[in-house]
Amino acid sequence: MTMPDTVDADAARHLTTREGWRAFASQRPSVPALLSEDEYAALSGLDHHARLLVVATSTVRRTVTSGRRLILLNRHAVSARRGLIVSGPAGTGKTIAITQLGLAYELQDRARHPGVDDRIPVVYVTVPPAATPRMIAAEFARFLGLPTTRRFNITNIIDSVVGVCTKARTGLVLVDELHNISLTTRHGAEVADTLKYFSEGIAATFIYVGIGIEHSSLLSGTRGAQIAGRFTLIPTHPFPYGQEWKGLVSTMERTLLLHRYAPGTLVKLDRLLHKRTDGMIGALSHQIRGAAIDAVLTGTEQITQDSLEAVPLDVAAESPGC
Ligand SMILES: Nc1ncnc2c1ncn2[C@@H]1O[C@H](COP(=O)(O)OP(=O)(O)OP(=O)(O)O)[C@@H](O)[C@H]1O
Ligand SMILES: [Mg+2]
């Protein structure tokens, strides 16, 4: 159930640049094996638990499968390409899911074109708060490493982005944090138009991601109906207490590198973990990795109910019903 990729916190921070994205796509799998005491001392147990091992949850699998299917279907389309909308509450794994899709596509592209360095198969941008069309165009340019100084007007920036993406054979564009645009403001509508212009100019599959997009004004009105008609929705949710949750806890447990950890401890606590985190995967991951880091720091090398409860929850999980 575990995907062989770790997300390094540093690289993840810079995913919105071509270099950061490339570093993310080049990370080698880390195999969580229990090492001898000496080997373990040489390696940093802290570093291991600080890294995130991505689990192939149903959200990840559906996003990757649907995304890859669309990329294939769109390959020969000259217009009206189809896309995906991944939408759901904060912390439900949307960004992780689309970056895994991006990773899968990037690795496939590299394997198909070995030794070719001028391809940029994936572009990842986030919509800044209160974005203007120029800001969104600049985000694309920034990813590609293109200049965006005042000398360049928005048309220059858009043209060079489309030109570079076409030359670099960009096949997948991930647009995250889309809830930052609101179509009820003038800028919001213009930003949506800018994105639409990009999606027509760049021969790529577009993935739109954010909180509550399916209910937002983005999909209403004439402009919205056009997007809604061509995009498949993948909703994301907190996990209910059930098989998938239990599998998730057990997979995360297997990634632990602690010497006195009694296997099964977390699995036995899976109901408590669900209650504590409200089924949010981000809060679960934080709890478990936090307790593991504490275990290394204090030298106890184990996790107990008490040590889990000692890790503070995030604000959302702390206040149920919000
Ligand atoms: N498939 C996964 N495997 C392991 N951990 C995951 C996975 N998906 C999400 N997480 C954990 O949940 C956290 C939140 O996930 P992510 O950032 O993808 O959520 P999001 O829906 O994009 O949230 P936001 O709306 O706030 O941007 C991650 O930092 C990670 O710790
Ligand atoms: Mg996100």
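If you read the sequence from its start, that first residue is 1, and numbering goes on from there. We count ligands from 1, going down the list as the structure has it; atoms in each ligand are counted the same way.
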- Message: So that I can tick it off, tell me whether D117 and R110 are bridged by a salt bridge, with the cut-off set at under 4.0 angstrom between side-chain N and carboxylate O.
- Response: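 Salt bridge between R110 and D117, a charged N being under 4.0 Å from a carboxylate O: no.
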Any idea which protein heavy atom is nearest [atom], and the distance to it?
| atom | answer |
| --- | --- |
| atom 3 (N) of ligand 1 | V55 N, 2.8 Å |
| atom 17 (O) of ligand 1 | T95 CB, 4.0 Å |
| atom 5 (N) of ligand 1 | L52 CD1, 3.5 Å |
| atom 23 (O) of ligand 1 | G91 N, 2.8 Å |
| atom 19 (O) of ligand 1 | G93 N, 3.1 Å |

Ligand-side contact atoms (ligand 1) for residue partner [X], heavy atom cut-off under 4.0 Å:
| X | result |
| --- | --- |
| R289 | 31 (O) |
| V60 | 1 (N) |
| E177 | 27 (O) |
| K94 | 18 (O), 19 (O), 20 (P), 21 (O), 22 (O), 23 (O), 24 (P), 25 (O) |

- Query: Relative to atom 8 (N) of ligand 1, which among D176, I281, L53, T251 owns the nearest non-hydrogen atom?
  - Reply: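 Among D176, I281, L53, T251, the closest heavy atom to atom 8 (N) of ligand 1 belongs to I281.
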- Nearest heavy atom to atom 31 (O) of ligand 1 wins, so pick from S87, S285, A97, G88.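 Among S87, S285, A97, G88, the closest heavy atom to atom 31 (O) of ligand 1 comes from S285.
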Is there at least one pair of N or O atoms, one from [X] and one from ligand 1, spaced under 3.5 Å apart?
| X | answer |
| --- | --- |
| I96 | yes |
| G282 | yes |
| I211 | no |
| M252 | no |

- Passing candidate, side-chain contact (heavy atoms from CB on, under 4.5 Å) with T170, options D109, V161, I120, V122: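 Per the side-chain contact (heavy atoms from CB on, under 4.5 Å) rule, the option paired with T170 is I120, out of D109, V161, I120, V122.
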If we ignore hydrogens and angles and just use 3.5 Å, is the side chain of [X] paired with the main-chain N or O of [Y] as donor and acceptor?
| X | Y | answer |
| --- | --- | --- |
| Q287 | L273 | no |
| R81 | S199 | yes |
| K246 | D270 | no |
| K196 | V191 | no |
| S66 | T63 | no |

- Task: Establish whether atom 29 (O) of ligand 1 and some protein heavy atom are separated by less than 4.0 angstrom.
- Result: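 Answer no: nothing from the protein, no heavy atom, is under 4.0 Å.
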- Could you tell me how the ring of H274 sits relative to the ring of W245: parallel (under 30°), tilted (30 to 60°) or perpendicular (over 60°)?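 Rings of H274 and W245: perpendicular, as their planes differ by over 60°.
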- Item | ligand 1 contact by T236, heavy-atom criterion under 4.0 angstrom |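 Heavy atoms of T236 never come under 4.0 Å of ligand 1.
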- Is the distance between the ring centroids of Y124 and F143 under 6.0 Å?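 Judged by ring-centre distance (under 6.0 Å), Y124 and F143 do not meet the cut-off.
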- Message: Under a 3.5 Å cutoff, is there a donor and acceptor pairing between the side chains of S285 and R289?
- Response: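 Result is yes, a qualifying pair exists.
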- Message: As a test of understanding, state which of T95, T126, T99 forms a side-chain hydrogen bond (donor to acceptor under 3.5 Å, both in side chains) with D176.
- Response: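 It is T95; the other options fail the test.
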